A.B. asks: 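Supplied in structure tokens, the structure appears directly below.
All values reported here derive from a predicted model rather than from experimental measurement.
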Amino acid sequence: MPGMRRPLYRDDALVLRVQKLGEADRIVTLLTRQHGRVRAVAKGVRRTTSRFGARLEPFGHVDVQCSEGSSLDTVTQVEGRDLFARRFLTDYPRYTAASAIVELAERLTPVEREPALRLYQLTLGALRALAEGQRSSTLVLDAYLLRAMSQAGWAPALRDCAVCGEAGPHRAFSVPAGGVTCLNCRPPGAAHPDPATLDLMSALLEGDWAAAELAEQPVQRECAGFVAAHLQWHLERQLRSLPLVDRREPS
């Protein structure tokens, strides 16, 4: 009814994307701790006098209050917890890795307001790692892609045969088959990655950073290729941000 106050809610959130709306507003896509992915209008944030416009930028970790709407919610308050982008906006490899991370987070939450706590925690951890800059941005990205796929039920088989379950290790890898395959199940066209590449994929999936950071650059590049191919197979199209990621070895 006209004049009724809309319900308010408050939540921790990650800013995934912003879009211009009209002359002064933005539509903000948020991944929240309790409410999943939500889209909300942030009114007046493009004006220089806005109280919280700078806090609603991509990659930010914020405490946000919104009022519920029929199609879009409305941001009423926001406090910055950690505006990660400030620490890597001028660092192209970290910025592009972060862009791929938030794009995938949005793709993996197709239903608005459906809680996705594990994905929220995973995305927050990946953005924080990029902001801290202590680990290779490409390893952080590939670890995130593998773990996000695991949460979605798409983790590649890396030890036992993806088809029959025969105990590994196995040398053949087939994206359509779901990962490594034994000799009997190996489909035509299966790849034969370096065993170190499969070890790196396992280390990233399991969070074994001590092992992952020992991988040489050729192994990291091959790993990235298999991770991207596996992801594309399940998403049925590539992430727009992924080809832009700078995977060159730091000088």
Side-chain angles (χ1 to χ4, degrees), residues 1-89 95 98-131 144-145 147-154 234-235 237 239-241:
M1 294 176 60
M4 290 186 62
R5 295 186 63 183
R6 293 179 174 180
L8 295 175
Y9 63 91
R10 190 164 187 162
D11 208 343
D12 283 355
L14 298 168
V15 181
L16 303 183
R17 184 159 59 101
V18 298
Q19 301 164 269
K20 293 180 180 180
L21 178 67
E23 294 184 356
D25 305 339
R26 279 179 176 163
I27 297 175
V28 185
T29 301
L30 303 167
L31 178 60
T32 69
R33 178 182 290 274
Q34 299 176 37
H35 297 82
R37 181 178 61 81
V38 298
R39 296 170 72 238
V41 176
K43 295 184 177 179
V45 294
R46 292 164 55 201
R47 296 193 181 103
T48 56
T49 56
S50 171
R51 292 178 293 113
F52 48 73
R55 302 168 196 166
L56 288 173
E57 295 292 339
F59 320 127
H61 180 205
V62 297
D63 178 351
V64 66
Q65 179 176 281
C66 297
S67 63
E68 294 184 4
S70 56
S71 58
L72 293 172
D73 296 347
T74 300
V75 176
T76 57
Q77 293 181 17
V78 61
E79 296 294 334
R81 289 189 174 276
D82 202 334
L83 305 181
F84 296 127
R86 294 180 178 179
R87 288 187 264 169
F88 54 68
L89 271 178
Y95 179 84
S99 298
I101 285 168
V102 297
E103 184 183 349
L104 180 58
E106 185 172 359
R107 292 282 297 277
L108 292 181
T109 49
V111 180
E112 291 192 23
R113 300 180 183 276
E114 184 174 275
L117 176 60
R118 291 179 63 191
L119 183 63
Y120 166 84
Q121 293 172 327
L122 180 65
T123 307
L124 174 59
L127 292 176
R128 180 176 289 131
L130 289 175
Y144 177 83
L145 298 180
R147 294 181 202 180
M149 284 192 285
S150 179
Q151 290 186 14
W154 305 337
H234 287 282
L235 289 179
R237 57 191 174 108
L239 294 180
R240 295 186 304 273
S241 305

A.B. asks: Of all residues at least two apart in sequence or in a different chain, which pass the ring-ring contact (aromatic ring centres under 6.0 Å, His included) check with H61?
C.D. replies: none

A.B. asks: Answer yes or no: is there a donor N or O on one side and an acceptor on the other, between the side chain of Q65 and the main chain of L8, under 3.5 Å?
C.D. replies: no

A.B. asks: Quick check against the 3.5 Å criterion: does D11 have a side-chain atom that pairs as donor or acceptor with the backbone of Q34?
C.D. replies: yes

A.B. asks: Would you check, one step at a time, whether the test side-chain contact (heavy atoms from CB on, under 4.5 Å) holds for R10 with D63?
C.D. replies: CA-CA 7 Å; R10 190 164 187 162; D63 178 351; 2.9 Å; yes

A.B. asks: Apply side-chain contact (heavy atoms from CB on, under 4.5 Å) to R37 and L119, showing your working.
C.D. replies: CA-CA 10 Å; R37 181 178 61 81; L119 183 63; over 6 Å; no

A.B. asks: Could you tell me whether Y95 atom OH has more than 12 heavy atoms of other residues or ligands within 6.0 Å of it?
C.D. replies: no

A.B. asks: Would you find a donor on one side and an acceptor on the other, under 3.5 Å apart, between the side chain of E103 and the backbone of L239?
C.D. replies: no

A.B. asks: For a quick test of reading the model, state the closest non-hydrogen atom pair linking Q19 to T29 and the distance between them.
C.D. replies: OE1-OG1, 4.5 Å

A.B. asks: Once you round to the nearest 0.5 Å, how far does CD of E106 lie from CG of L108?
C.D. replies: 10.5 Å

A.B. asks: Taking all non-hydrogen atoms of both residues into account, name the closest pair between V78 and R55 and its distance.
C.D. replies: O-NH1, 2.7 Å

A.B. asks: Testing the basics here: between S99 and S241, what is the closest heavy-atom pair and its distance to 0.1 Å?
C.D. replies: O-OG, 3.6 Å

A.B. asks: Would you compute the distance between atom CG of L30 and atom CG of D12 and round it to the nearest 0.5 angstrom?
C.D. replies: 11.5 Å

A.B. asks: Holding to side chain to side chain contact (heavy atoms under 4.5 Å, CB included), I want the full list of residues that pass it with Q121, two or more places apart in sequence or in another chain.
C.D. replies: R33, L117

A.B. asks: Counting only heavy atoms not in R118, do more than 12 fall under 6.0 Å of its CZ?
C.D. replies: no

A.B. asks: How about R86: does its CZ atom have over 12 heavy atoms from other parts shown lying under 6.0 Å from it?
C.D. replies: no

A.B. asks: For A24, check side chain to side chain contact (heavy atoms under 4.5 Å, CB included) against everything at least two apart and list the hits.
C.D. replies: R47

A.B. asks: Of the non-hydrogen atoms in T76 and C66, which two are nearest, and what is the gap between them?
C.D. replies: OG1-N, 4.0 Å

A.B. asks: Return the set of residues passing ring-ring contact (aromatic ring centres under 6.0 Å, His included) with Y144 (not counting sequence neighbours), or none when no residue passes.
C.D. replies: none

A.B. asks: For a quick test of reading the model, state the closest non-hydrogen atom pair linking V62 to G80 and the distance between them.
C.D. replies: CG1-CA, 4.2 Å

A.B. asks: Do R128 and R87 come close enough that some side-chain heavy atom pair is under 4.5 Å?
C.D. replies: no

A.B. asks: Any chance you could measure L145, atom CG, to L122, atom CG, to the nearest 0.5 Å?
C.D. replies: 9.5 Å

A.B. asks: Applying ring pair (Phe, Tyr, Trp, His ring centres under 6.0 Å), which residue pairs with at least one partner in residues 66-87 are found, sequence neighbours left out?
C.D. replies: none

A.B. asks: Heavy-atom distance under 4.5 Å between the side chains of I101 and L130, does that happen here?
C.D. replies: yes

A.B. asks: Nearest 0.5 Å, please: how far is OG1 in T74 from CD in E68?
C.D. replies: 11.0 Å

A.B. asks: Distance from R240 atom CZ to R107 atom CZ, nearest 0.5 Å?
C.D. replies: 7.5 Å

A.B. asks: Working to the nearest 0.5 angstrom, can you tell me the gap between R113 CZ and H35 NE2?
C.D. replies: 7.5 Å

A.B. asks: Just jot down the side chain to side chain contact (heavy atoms under 4.5 Å, CB included) partners of V102, sequence neighbours excluded, or say none.
C.D. replies: L16, F59, L127

